[in-house]
**Q** 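For reference, the structure I am asking about is given below.
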Amino acid sequence: MERINIQKTSARSNIVLLAIGWISALLSLVIYPFIFGVVGVIMGILATKNGSKAGLPLIVSSIILMGIGLIFSGVIMNYARRYFGI
């Protein structure tokens, strides 16, 4: 019975880690690319250590989106401001 509870807790923590990681990876495109990109990579590593197979794609995409954000964050922000009229 305890084993089932541990697995449920582990699955829930993986879902939370992956959600935080994907949100940070997407935020790294627009604001503070280095900080949010690193947070996404760390969340992916923690999810992978907990046994999730979805952690590796999160790590790779966080690195790619962080790189794009570092290069094009100014361009993306200007386009978004013009598009939304801010």
Side-chain angles (χ1 to χ4, degrees):
M1 192 69 151
E2 284 184 36
R3 187 174 186 184
I4 294 171
N5 289 336
I6 291 172
Q7 288 176 346
K8 285 183 181 179
T9 306
S10 177
R12 287 182 187 158
S13 66
N14 279 342
I15 291 171
V16 170
L17 289 172
L18 291 171
I20 293 171
W22 281 109
I23 291 169
S24 345
L26 292 174
L27 282 175
S28 72
L29 275 173
V30 183
I31 53 173
Y32 302 118
F34 187 72
I35 294 171
F36 284 114
V38 171
V39 168
V41 170
I42 291 171
M43 293 300 141
I45 291 170
L46 292 176
T48 303
K49 285 180 84 172
N50 285 341
S52 174
K53 292 183 180 180
L56 187 60
L58 175 59
I59 294 169
V60 172
S61 64
S62 290
I63 292 171
I64 292 171
L65 292 175
M66 178 177 55
I68 292 170
L70 285 170
I71 297 169
F72 296 113
S73 65
V75 174
I76 294 171
M77 281 299 289
N78 284 335
Y79 178 75
R81 286 181 182 157
R82 190 174 304 154
Y83 182 77
F84 291 119
I86 297 174

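Just so it is clear, the values below take in all heavy atoms, side chains as well, and ignore hydrogens, waters and symmetry mates.
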**Q** Atom CG in Leu18, atom OG in Ser13: separation rounded to 0.5 Å?
**A** 9.0 Å

**Q** If hydrophobic clusters are built by linking Ile, Leu, Val, Met, Phe, Trp and Tyr wherever their side-chain heavy atoms come under 4.5 Å apart, do Phe84 and Tyr79 end up in the same one?
**A** yes

**Q** Under 4.5 Å between side-chain heavy atoms, hopping through other hydrophobics if needed: is there a path connecting Ile63 to Ile45?
**A** yes

**Q** Find out if a path of hydrophobic residues (ILVMFWY) with successive side-chain heavy-atom gaps under 4.5 Å connects Ile64 to Phe72.
**A** yes

**Q** So, applying side chain to side chain contact (heavy atoms under 4.5 Å, CB included) with Ile23, which one of Ile20, Leu26, Leu27 is it?
**A** Leu27

**Q** Could you give the distance from CG (Leu17) to CZ (Arg12), rounded to the nearest 0.5 Å?
**A** 14.5 Å

**Q** Do you reckon Val38 sits in the same ILVMFWY cluster as Leu65, going by side-chain contacts under 4.5 Å, direct or chained?
**A** no

**Q** In Å and rounded to the nearest 0.5 Å, what is the CD1 to CD1 distance from Ile42 to Ile59?
**A** 10.5 Å

**Q** Nearest 0.5 Å, please: how far is CZ in Arg82 from CG in Asn78?
**A** 7.0 Å

**Q** Might you point out which heavy atoms bring Ser28 and Gly37 nearest each other, and give the distance in Å?
**A** CB-N, 3.6 Å

**Q** Tell me the closest heavy-atom pair linking Ser62 and Gly21, and the distance in Å.
**A** OG-O, 4.3 Å

**Q** What's the spacing between Ile76 CD1 and Ile31 CD1 if we round to 0.5 Å?
**A** 12.0 Å

**Q** Between Ile15 and Leu56, is there shared hydrophobic-cluster membership here, with clusters defined by ILVMFWY side-chain heavy atoms closer than 4.5 Å?
**A** no

**Q** Between Ser73 (side chain only) and Leu70 (backbone N and O only), is there a donor and an acceptor less than 3.5 Å apart?
**A** no

**Q** Measure the acute angle between the ring planes of Tyr32 and Phe36, then classify it against the limits of 30° and 60° as parallel, tilted or perpendicular.
**A** tilted

